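Contents: one structure, followed by commentary.
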Amino acid sequence: MTAYTATVTVRLKHGVLDPEAETTQQALERLGFDLEDLRSADRFEIDVEAADADDAADRAGEMADRLLANPTIHDYDVAVTEQE
Amino acid sequence: MTVAVVRFGGSNCDRDAVRALEHIGVDADIVWHEDGLPADVDGVVLPGGFSYGDYLRAGAMAAHSPIMDEVRDLAENGVPVLGVCNGAQIGCEASMTPGAFTTNASARFQCEHVTVRVERADTPWTAAYDEGDVVTLPIAHGEGRFEIGEDRYDDLVAEDRILFRYCDEDGNVTDDANPNGSRGNVAGILGERDTVAVLMPHPERATLPELGLTDGQGVLTAFA
């Protein structure tokens with residue numbers, strides 16, 4: 001078994017309104033920043049012991065399906081790195 | 001008839017629900033979620049509040065509490081289950097009802113009275129009303145925007161599962177009358193069975209006459 005960190009990024013599906021991101025963008029613009037658009041996402045870093053990177057990714061994906069993401073409004077992706 | 005009002009850590013409309021149910025003559029008790037449901041339960045209310053501090057997403061944690069397996073079993077056997085506000089978010093997160101309730105378009109917590117139109121009067125929750133009736137109910141939520149994919153929304157409409165829509169005082173469903181940006185102005189929806197319903201407005205806060213608004217009584221009479 002090897003120690004991996006699976007990073008799950010959960011975003012709103014394209015086209016789903018993100019009022020928090022809009023509010024954040026407006027606040028940045030009020031501070032004088034120039035930006036075209038802003039999207040927000042949640043990131044979860046999950047440490048697991050797994051046989052290989054695919055196993056770690058599968059398990060993290062299952063966690064996203066069951067709890068971390070809501071499939072009605074979210075997409076997610078999983079990236080796995082071996083811990084140093 | 002004994003109705004179980006399920007209390008999670010952070011529920012805060014549980015006692016209101018019990019008082020409102022008792023007012024209309026329905027026996028109701030608060031049940032702590034870790035204790036599981038009593039054997040003689042004839043109805044379930046998932047009350048409003050901020051279960052688990054709204055961590056992750058409103059309702060997401062409570063939806064995976066073991067008691068929800070029991071609630072789902074009862075619902076599948078035709079026992080009436082009502083989710084109000086945070087209870088509605090829990091119902092959707094638990095896939096007992098379709099869609100999701102997420103951040104209001106205003107990005108603000110909104111606490112106000114709204115008017116909703118009764119879309120169907122042939123359900124236990126709306127038998128006390130006529131179709132098209134305009135009902136005044138309080139809302140108090142930051143995550144009440146009903147969201148669902150366009151195809152699924154069309155299915156919901158085709159299946160006649162929309163219970164209430166936000167409307168103006170004359171019953172017109174308009175953008176101006178939509179307090180939170182909900183798709184189709186949806187304020188309440190049905191599960192696969194008509195005996196399961198979730199809604200963001202609070203019928204239990206519009207039941208006791210001393211509170212000045214009693215339009216919500218009709219929803220709770222489903223348990224009577």
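Both backbone and side-chain heavy atoms feed into the values below; hydrogens, waters and symmetry mates do not. For clarity, every value in this text was computed on a predicted model and none was experimentally measured. Chain letters run A, B, ... following the sequence lines, proteins first and then strands; every chain starts at 1.
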For B:N104 and A:P19, which heavy atoms make the closest approach, and how far apart are they? O-CG, 3.1 Å
What part of A:A21 gets closer than 4.5 Å to chain B, counting heavy atoms only: side chain, backbone, both or neither? neither
For A:L67 versus B:L56, what's the shortest heavy-atom pair and its separation? O-CD2, 3.4 Å
Check the surroundings of atom CD in B:E112: do more than 12 heavy atoms from other residues, nucleotides or ligands lie under 6.0 Å from it? yes
Distance check, rounded to the nearest 0.5 Å: A:T72 atom OG1 versus B:F146 atom CZ? 8.5 Å
Is the number of heavy atoms from other residues, nucleotides or ligands under 6.0 Å of B:Y55 OH greater than 12? no
Looking at B:E93, B:R152, B:E147, B:R145, which makes the most heavy-atom pairs under 4.5 Å with chain A? B:R145
If one checks every heavy atom of A:L17 against chain B at 4.5 Å, the contacting part turns out to be both
Can you tell me if CD on B:E150 sees more than 12 non-hydrogen neighbours from other groups inside 6.0 Å? no
Is the CD atom of B:E159 crowded by more than 12 outside heavy atoms at less than 6.0 Å? yes
Comparing A:D42, A:L68, A:T23 against chain B, the one with the most heavy-atom pairs below 4.5 Å turns out to be A:L68
If you measure from OG1 on B:T102 to CG on A:N70, what distance do you get to the nearest 0.5 Å? 8.5 Å
For atom CD of A:E49, decide whether the heavy atoms of other residues, nucleotides or ligands shown that lie under 6.0 angstrom number more than 12. yes
Name the member of B:G99, B:S106, B:G149, B:A60 that forms the most heavy-atom pairs with chain A at distances under 4.5 Å. B:G99
Is it true that, when you exclude B:D175 itself, more than 12 heavy atoms of the residues, nucleotides or ligands shown sit nearer than 6.0 Å to its CG? no
Separation between CG of A:D18 and OG1 of B:T103, rounded to the nearest 0.5 Å: 7.0 Å
Are there more than 12 heavy atoms of other residues, nucleotides or ligands under 6.0 Å from atom CD of A:E20? no
